[in-house]
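Read the numbers this way: they start at 1 and go in the same order the structure lists the ligands and their atoms. Just so you know, these numbers use all the heavy atoms, side chains as well, and skip hydrogens, waters and symmetry mates. Small disclaimer: the values here were computed from a predicted structure and weren't measured.
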Amino acid sequence: MIQILHIAAECYPAAKTGGLGDVVGSLPKYNTQAGILSAVIIPKYSLRWIENQHWTTVYTSSVWINWRQWHFRVQQQTGNSLGYPLFVVDIPGLYDRPGIYNDPSGAPFGDEIERYIGFQQAVLDWLLSFPWQDRPRVLHCHDHHTALIPWMVKYCQAYQQLAPIPTVFTIHNGQYQGAFSPKNVHLLPPYEASARSLLDWGGIINPMATAIKTAWAVTTVSPSYLFELHQNSLGLESLFRQEWRKEHGIINGIDSQVWDPATDPMIQFRLEANNISKYKTKNKRVLCEWFGFSNEYPLVSFIGRIVNEKGADLLPDTYRRLLQSGARINFLILGTGESWTENEFRSMAHQFPGRVNAVIDYNEALAHQIYAGSDFLIMPSRVEPCGLNQMYAMRYGTIPIVRSVGGLKDTVPDIGEPDGSGRGVRFDQFSVEDAVHAIYRAASMWYNDPETVVRLRERVMAIDFSWEKTIEQYFSVYRNLGARIQAEEVKLQATREETRAPEPAPVRKAAKKVPPKKTIIKSTPVATAPPVAATKPRKPAKTENNAPEKPADTPKSKPARKASKAAPKPKRPKK
Ligand code: GLC
């Protein structure tokens with residue numbers, strides 16, 4: 001029996017644009033290994049990994065969105081190769097597109113509201129078909145795309161049977177709240193009139209606010225981020241403060257089976273016999289060859305979305321300042337995002353050949369090699385709910401240089417800490433001066449105190465960032481809500497049949513459904529645009545290639561760019 005059902009828009013390797021996908025793709029595996037069978041359900045996008053799987057249809061039905069009926073089916077991945085059951089909701093016309101949030105040119109689809117409402121309804125509709133004793137013990141919703149579920153099960157007549165199941169809402173990114181205009185309230189399924197106010201925040205419908213009000217528990221992906229949301233969360237501060245009793249900050253883990261320098265098939269030289277120096281030196285040499293760098297200088301890399309949230313726009317001036325003052329440091333950038341900053345990196349690669357290089361692309365395999373071969377990884381984030389890259393870096397022996405914010409603060413104590421707990425270099429202000437100073441400190445250590453670097457590498461590589469450590473905190477959140485979760489022997493293949501929902505009963509047939517009545521509520525139309533990015537994509541479309549399974553795409557097969565050549569051209573047209 002599925003004990004925890006994770007409901008999300010992303011799940012690696014099926015669909016990933018960032019950390020949300022990584023977490024949803026790995027947390028259930030470790031829950032399941034601990035004996036708590038957990039499953040994931042996401043929309044069925046037309047993406048490569050998804051299209052290459054075998055799917056078994058376990059349920060068919062339909063949902064109404066406004067006047068339109070959408071037929072859907074829920075399918076389960078055959079074989080459970082991910083270590084947990086993965087389900088998808090196939091809604092032809094709504095989700096079968098070659099992107100998660102955007103089309104391949106980077107443009108948002110424009111019907112996000114219908115898409116998320118349809119997905120959430122379909123999931124609940126499917127759950128209703130389970131005999132009550134087989135229903136999951138917890139519905140765990142992730143980010144705004146699934147934030148209306150806690151409200152729907154409480155207040156929408158159609159789903160109220162599910163109301164006794166505890167709901168947990170995890171915030172991976174509070175910048176995107178999914179807000180939309182009250183003019184669209186009719187897209188929601190019928191609900192109790194008294195519940196209308198729970199949808200509202202500041203005159204608009206704000207799913208994230210609704211989840212904070214109605215979920216049984218709210219978690220964020222690090223304790224510091226939770227604290228920061230109380231200070232600054234794009235208008236939700238007072239709500240976060242009001243609901244503090246049910247909030248928990250739980251730091252993410254990483255999939256230490258995938259992220260293991262001793263076994264990683266995507267890196268050129270694996271860690272053998274715990275010989276860290278040999279492993280780092282060889283991998284760095286590879287990177288330096290590919291990118292035309294000298295081995296003799298420290299290599300500082302940036303990996304991630306080139307967006308303001310991640311602070312990538314601070315780097316061009318920071319690097320320029322350092323290079324113009326004669327600093328002997330090399331800089332490598334991997335990622336895609338905002339054109340202005342992408343272009344800055346491209347032109348810097350021309351201006352400083354042999355010192356700066358940039359791959360404006362999403363490339364999982366190259367990312368692994370950069371973690372293995374760099375000396376430092378910089379994360380100058382403006383906001384960082386948890387951050388996984390600093391953990392990947394440390395696991396691969398790369399010392400993080402981070403801004404003291406959110407999860408970075410919780411995972412990277414500064415090397416100057418008197419208790420000797422340091423793991424990297426930290427800076428406080430989001431300013432070129434502070435970032436320059438931090439890189440300067442790191443480089444000075446590299447040049448003047450190589451022994452400390454060696455010791456630091458050993459220390460960070462020995463840290464246990466695995467999920468095994470943190471899942472217990474989630475289990476105790478679930479249990480405190482009264483969820484009767486229980487460790488049991490999980491035999492995935494054998495339980496696959498059992499996890500199937502029964503054939504839909506006739507009453508659940510789409511034909512018997514009637515469109516929702518619109519008389520329940522009279523919304524007050526408010527013309528103002530939502531203050532937060534309602535339908536904005538979380539991440540750039542280019543990162544939706546989810547090519548993890550494709551080491552053929554390794555950096556080797558890509559032309560390694562010598563710094564003297566032009567920086568790589570982006571593959572997608574400029575916005
Ligand atoms: C989002 C956050 C990131 C976090 C990840 C997983 O991508 O920006 O900080 O690590 O979600 O929770």
Side-chain angles (χ1 to χ4, degrees), residues 6-12 15-30 40 42 100-101 140-147 168-178 208 218-229 232-234 247-256 258-259 302-312 335-337 362 364 367 371 377-395 400 402-412 465-467 470-471 473-474 532-533 536-540 543-544 546:
H6 292 276
I7 309 163
E10 297 183 28
C11 175
Y12 175 88
K16 167 183 164 178
T17 67
L20 168 67
D22 279 335
V23 169
V24 175
S26 58
L27 170 60
K29 176 164 111 186
Y30 290 91
V40 177
I42 59 168
I100 299 174
Y101 308 111
H140 193 144
C141 307
H142 297 264
D143 271 353
H144 77 85
H145 326 94
T146 57
V168 175
F169 178 64
T170 294
I171 300 172
H172 298 261
N173 191 338
Q175 305 283 105
Y176 299 97
Q177 302 177 354
M208 185 162 287
V218 174
T219 71
T220 62
V221 289
S222 70
S224 289
Y225 185 53
L226 177 57
F227 178 79
E228 288 163 11
L229 288 171
N232 180 5
S233 44
L234 303 174
E247 296 165 356
H248 311 264
I250 303 178
I251 200 96
N252 285 329
I254 61 171
D255 191 335
S256 42
V258 170
W259 293 92
F302 171 89
I303 301 177
R305 291 179 294 126
I306 300 179
V307 294
N308 278 8
E309 205 180 311
K310 300 291 173 198
T336 57
Y362 169 84
E364 190 84 13
Y371 289 120
L377 182 88
I378 184 154
M379 297 180 70
S381 308
R382 280 189 176 79
V383 183
E384 196 61 81
C386 175
L388 299 170
N389 291 3
Q390 80 279 15
M391 297 196 251
Y392 299 146
M394 288 190 265
R395 180 122 170 95
V402 303
R403 187 164 164 251
S404 294
V405 65
L408 297 176
K409 205 168 165 176
D410 294 341
T411 51
V412 187
F465 286 117
S466 65
W467 276 114
T470 42
I471 50 173
Q473 297 179 53
Y474 279 111
V532 286
K536 224 174 143 191
R538 290 181 79 249
K539 324 235 159 112
T543 62
E544 292 179 12
N546 60 85

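- Heavy-atom distances between Gly387 and ligand 1 reach below 4.0 Å in at least one pair.
- Phe302 approaches Lys310 most closely through the heavy-atom pair CE1-O, 4.2 Å.
- Contacts of His142 with ligand 1, taken as heavy-atom pairs under 4.0 Å, are absent altogether.
- Atom NE2 of His140 sits about 8.5 Å away from atom OG1 of Thr146, to the nearest 0.5 Å.
- Between Asn173 and ligand 1, a contact under 3.5 Å exists for no N or O pair.
- Contact atoms of ligand 1 toward Asn252: 6 (C), 10 (O), 12 (O) (distance under 4.0 Å to a heavy atom of the residue).
- Taking any N or O of Val221, backbone or side chain, none lies under 3.5 Å from an N or O belonging to ligand 1.
- Distances between N or O atoms of His172 and those of ligand 1 include at least one value under 3.5 Å.
- Listed for the Arg403 side chain is a donor-acceptor partner under 3.5 Å among the backbone atoms of Ser381.
- Under the 30°/60° scheme for interplanar angles, the aromatic rings of Trp259 and Tyr371 are found to stand perpendicular.
- For the residue pair Asn252 and Thr470, the shortest heavy atom distance occurs at C-OG1, 4.4 Å.
- Near Val23, meaning under 4.0 Å from any of its heavy atoms, are these atoms of ligand 1: 6 (C), 12 (O).
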*Might you work through the side chain to side chain contact (heavy atoms under 4.5 Å, CB included) test for Thr170 and Val221, ending with a clear yes or no?*
CA-CA 7 Å; Thr170 294; Val221 289; 4.0 Å; yes
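- If you number the atoms of ligand 1 from 1 as listed, the ones under 4.0 Å from a heavy atom of Leu388 come out as 10 (O).
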